[in-house]
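Okay, so here's the structure we're looking at.
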2 protein chains.
Amino acid sequence: MATIRDVAKLAGVSVATISRYLNKSGYVNADTELNIKHAIEKLNYLPSGVARGLAGKSTKTFALILPDISNPFFPELARAVEDVASTYGFTVILCNSDGQIGKEKNYIDILKSKNIDGIIFASNTLGQEDVDKLASFNIPFVCLDRAPTNKSCSVVRSNNREGGRLAVKHLLESGSKKIGHIYGPQDLIPAKERLIGYEESVRAFDWFSPSLMVQGDFGISGGIKATEELMRRHPDIDAIFAGNDLMAVGALKALHRMGIQVPGQVVVCGFDGINMTEITEPELTTIAQPIYDMGALVSRILIKKIEGTIEADQIYELDVTLIPRESTKRSG
Amino acid sequence: MATIRDVAKLAGVSVATISRYLNKSGYVNADTELNIKHAIEKLNYLPSGVARGLAGKSTKTFALILPDISNPFFPELARAVEDVASTYGFTVILCNSDGQIGKEKNYIDILKSKNIDGIIFASNTLGQEDVDKLASFNIPFVCLDRAPTNKSCSVVRSNNREGGRLAVKHLLESGSKKIGHIYGPQDLIPAKERLIGYEESVRAFDWFSPSLMVQGDFGISGGIKATEELMRRHPDIDAIFAGNDLMAVGALKALHRMGIQVPGQVVVCGFDGINMTEITEPELTTIAQPIYDMGALVSRILIKKIEGTIEADQIYELDVTLIPRESTKRSG
DNA sequence: TCATGATGTGGTACCGGTTACACATGAAAT
DNA sequence: ATTTCATGTGTAACCGGTACCACATCATGA
């Protein structure tokens, strides 16, 4: 590979001039510019990002740390992140943390050694020590779905509580008389918020009882188990609001196995808006997060932070939308 | 951040010794080693991967180029690739090419400038010029699902033709009398091979006709369209073999809309074994590729190539397996 | 006429590692 | 006693860029 010195030699100028030309910093004569252009073309010269990185410049790379790319929520997010990154000339490193704090710390060290420009955390296990570590490393980062208490960290999330309310409202309007809720792990902020949204909306009803709320694990099998438990406790339930789509899919499966008609006897509403909801039978009503938009936004925010063109850390809360489908469509 | 020279100063030795210690190259006295260890700990020293990369060593990074991470086939693959990479100390850059050769070329340049160690192509659009470019850049790479003609490139794929035969065999055994096939884009080798497997297995039957084969686009909506077309041409069909799971899902949807019972009137078999096949109603019979294994293998091969511990380029063909589920379960 | 500032360019230290080479020392082999 | 070799360590060039500083040249304004 040709280096900047080769180009300089061929163009008959110094490396400094080439560098100025490449970065459009400082003056370069029009004729010189042409010579350089030709030399670069002739040599097929490509500046080394590594050398640039070492010389203290941006490596034009950031990392996306998420629990597991094979969880259906994340591919769309990752796609959005990478789309925005690539239009700004950035490259994305993918990290699966499995929500394990150890793995996450390990990634942070490796990423630091690679001198990456920033990190997007779509993982929920980020502790205060990690934040401190990142701060000490001076690595810009942005979070998804974090608590609002974090200083020095912008957060993108959607209005999960409002989503919970929206789900209940829709279920009531579609004629439900008794609504159960399968909630996700309570160390995850979104799961907590959705639960609160549900609880706020239903506690005034005389049919409400805390036993209508069952914990799931945000996975399909957890949704199945929780649904079985819920139907055991309350066989008269006619609606289930699941804390995410995967558990809603589990609910659909469990109800099907029990011979309970959806939406005939029980209606089901999920949360997230992953693609999977379109292929279930019946198709799944869900409270959709703008997943792609969230990814694009978080990516854009990080890039702004990296480039220093952002003011202060901030919480960006995006609206969720109800997507009504068959699973909550009562014939009556 | 502390540098190697800081460590050298604190440990009272030269940078060369530190470097030898870090890389376990050359001799280091036991006492010296201890001193260095302490100095590193005290200074919280982390070697710069960037500097190493510039000094001609591996960047411990490779890229995964795929069409679209949000296509359900790829997250599991990506997960496997990253799992193996991280256990070997490598980091993975994610690139979505959308199958566009321009984007791919662009990525290759960027990746070269980042001095990455290798590339995995899970994208099907790699042309000869790209191969040449990679060769001239001297970047090791491994492909998924490529034609066997490629020299200087190992290929991992599964036995797609056998999979096509397997699907037909299973459909016949489950009592099908007339089997249609929805095939994928013929510029994709796997789609072609599956079609051949199908054709080989059915052309001897008197019910066979070329019009039983309809083209789809490997997507859900393409599967729907193709199914409609297929049923228009041959309303007496009682089995559909779709070239991939997404189109099989589309078939399920289309048949459902037409009021055709699955598996009662028509049975459906997909191909790939993506997770989605477990959540359809009925659950989808499919010819499963060992997706995770393929990702893990391709990742391991690339790493071996990078580390120079691999012999020759080779084709690795993995077996597919039939996963029989409800969608082909005839009661009769 | 001379100071001033815009334009244009080169020299070189530096980023933080790696590594070839030189140079010790001490023990074993001849 | 001398060669030989394993052990142990330091010096400094190098990887390929960036950027500070010095130094021209030339037009303009005082």
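Proteins get letters first, then strands, A, B, ... in listed order; numbering begins at 1 in each.
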[X] side chain N/O closer than 4.0 Å to the phosphate oxygens (OP1, OP2) of [N]?
| X | N | value |
| --- | --- | --- |
| Ser48(A) | dC15(D) | no |
| Lys57(B) | dC15(D) | no |
| Ser14(B) | dT11(D) | no |

If you find the nucleotide of DNA chain C closest to Ala16(B) and the one closest to Thr17(A), which residue's nucleotide is nearer the 5' end? Thr17(A)

Toward the 5' end of DNA chain C, by each residue's nearest nucleotide, Val15(B) or Val15(A): Val15(A)

Heavy atoms under 4.0 Å, any strand shown: does [X] hit a base, just sugar-phosphate, or nothing?
| X | value |
| --- | --- |
| Val50(B) | nothing |
| Ser25(B) | nothing |
| Tyr45(B) | sugar-phosphate |

So if I apply the side-chain contact (heavy atoms from CB on, under 4.5 Å) rule between Ile18(A) and each of Ile36(A), Thr32(A), Thr3(A), which one comes out positive? Ile36(A)

Would you say the side chain of [Y] lies within less than 4.5 Å of the side chain of [X], judging by non-hydrogen atoms?
| X | Y | result |
| --- | --- | --- |
| Tyr45(A) | Asp6(A) | no |
| Phe73(A) | Gln289(A) | yes |
| Lys60(B) | Lys114(A) | yes |

Please check if the number of heavy atoms outside Tyr292(A) that lie under 6.0 Å from its OH is greater than 12. yes

[X] [atom1] to [N] [atom2], straight-line distance once rounded to whole Å:
| X | N | atom1 | atom2 | result |
| --- | --- | --- | --- | --- |
| Asn29(B) | dA6(D) | CG | P | 18 Å |
| Lys114(B) | dG16(D) | NZ | P | 17 Å |
| Leu54(A) | dA19(D) | CG | P | 13 Å |
| Met1(A) | dG16(D) | CE | P | 9 Å |
| Lys24(A) | dT18(D) | NZ | P | 13 Å |
| Asp31(A) | dT25(D) | CG | P | 18 Å |
| Ile18(B) | dA12(D) | CD1 | C1' | 17 Å |
| Asn115(A) | dT18(D) | CG | C1' | 14 Å |

Whichever of Ala30(B) and Ala55(B) has its nearest DNA chain D nucleotide further upstream toward 5': Ala30(B)

Axial cation check for Phe62(A) ring with Lys305(A), 6.0 Å and 45° limits: no

Taking only Lys NZ, Arg NE, NH1 and NH2, and the carboxylate oxygens of Asp or Glu, determine whether Arg79(B) and Asp83(B) approach each other closer than 4.0 Å. yes

From the 5' end of DNA chain C to its 3' end, which nucleotides mark the outer limits of contact with chain B, defined by a 4.0 Å heavy-atom distance cut-off (strictly under)? dG16(C) to dT19(C)

